[in-house]
Amino acid sequence: MKRRWPVSLGPEFNRFWTGQSVSTVGDRVTIFVVPTLMIFVLDASAFQVGIVAMAQYLGIPLLGPLAGVLVDRWDNRRTLLACDLARLVAVAVIPVAYWQGWLSTPLLFGCVAVISGATIFFTVGYLVAVPAVVPKDHLVRAYSRLEGTRSVSEVSGPSLAAGLYGALGVAALLVDAASYLVSALCIRSMRPWGERTVTEGSVWERLTAGFRLNWADPVLRRVVIAAVTLNCGGPVFVTVLPILAYQGLGVSVGVFGAAMSVAAVGALAGAAVAPKLGERLGTGRMLAWALLLHCLVGLGVLAAPALPAGAVIAVTMGCYGFFMSCINVSSAPIRQSRMTASHQGVMHAAFRTATWGVIPLAALAGGGAVSLLTGPLGVLDAARVTMAGGTLLAACSFLPALRVQPLLDAAERQKAAEAQVDGGGAEPALAEGAS
């Protein structure tokens, strides 16, 4: 009889899920409003947009390894609470600075960098938190629900952000600040969990352990290489997209927000079907093909301005989001299945550091490339060439991921063979005793 997934994954997960649902919607507001403010209020250049986009990920290479060590040593629940409150303050500073006449690119860089630093601690704790409140055999379903929520936020977030920005201006960012408060309250309402898992070993030993564990395991090593390759090109595409839309294609804030919301329906669909795809194809095989298709569909933006820009962005990003959801739903369970609970924190932190650490440079490269090419090509063609180059580079992530599924299958066969040997060895022993 085919196994059915439970309707609920438990009250603790539901509280955590609720907090993250609200917070991810708020995140979309800040992600949308910050580059919009820079382009329309500060009249920022493409290079300046790239600098602030770089700050969004700056905490990863600077704090990532340390985050894994400290998350293992700290109470995880309290760590998540502190991260939410730190991000609340950093987001709220932006509208206050605007009203006081202090808003500038350096200030935005600083606020976004603080949010980045808190987010890397939260992300490591988040990945440790889910297995703490959900049974191991339900992890894929849990991540699918969290990914679905993220996708729903991407459906509603951009249009909500565009509407809030049109009605409130910079005060729209206070919605994101409030969302962090809701997340903190939901985490606070959960029963105590997340006590320290590791207390022995020096900080340096734990710092290096995560990188060694990721590289020593053949599956993790290939997932790391694939993710690094993806993040060398993908952030170029994402950073340049608003420049292409606003400055290259002349799309309005409202149209861009609506297009991104329509586009995110694809991401929601991806989160919904990813568990079934994973069961049918295998999570490793789904990861490999999702990486390739996620990148190649990004070339769809080249159809504008020959076709209506809003429709092109919506369709392209819908497919882009669909395959991104498949990547996210398959990657985390693969990595968690290869590591014991005591090493989850440093493994995830090292993975994030290695794979996300290239994102600031990729974002900066995207903005810089558009600035350099705008003179000879114009902003539209400069953005199109830069995005196409980043997309093709990211597509190479497919190659190292191809071997993930065969390695997972080999590990399952070895495990089954060992179980059979152990079981077979028990029967002769019992027979000998009986004689």
Mind running side-chain contact (heavy atoms from CB on, under 4.5 Å) on Leu220 and Leu213 for me, showing each step along the way? CA-CA 8 Å; Leu220 293 178; Leu213 290 168; 5.5 Å; no

Looking at Leu302, is its backbone amide N or carbonyl O close enough to the side chain of Arg384 to form a donor-acceptor pair, meaning the two atoms are under 3.5 Å apart? yes

Is the distance between the ring centroids of Phe323 and Trp289 under 6.0 Å? no

Would you confirm whether Thr316, through its side chain, and Val312, through its main-chain N or O, come within 3.5 Å as a donor-acceptor pair? yes

Quick one: do Ser179 and Asp176 satisfy side chain to side chain donor-acceptor pair (under 3.5 Å)? Show the steps, please. CA-CA 5 Å; Ser179 75; Asp176 189 18; 3.1 Å; yes

Evaluate the side-chain contact (heavy atoms from CB on, under 4.5 Å) criterion for residues Leu372 and Phe47: first the C-alpha distance (whole Å), next the side-chain angles of each, then the deciding distance (0.1 Å), finally the verdict. CA-CA 9 Å; Leu372 289 173; Phe47 184 67; over 6 Å; no

Is the closest side-chain heavy-atom distance between Val236 and Met387 below 4.5 Å? no

When you compare the side chain of Val379 with that of Ile243, does any pair of heavy atoms fall below 4.5 Å? yes

Using only atom types and a distance under 3.5 Å, with no angle test, would you say the side chain of Gln48 pairs donor to acceptor with the backbone of Ser45? yes

Which atom pair, heavy atoms only, marks the closest approach of Ala177 to Val91? N-CG1, 4.0 Å

Once the angle between the rings of Tyr246 and Phe40 is folded into 0 to 90°, is it parallel (under 30°), tilted (30 to 60°) or perpendicular (over 60°)? perpendicular

Can you measure from CG (Asp84) to CD1 (Ile187) and round to the nearest 0.5 angstrom? 5.0 Å

With a 6.0 Å cut-off on ring centres, are Phe32 and Tyr165 close enough? no

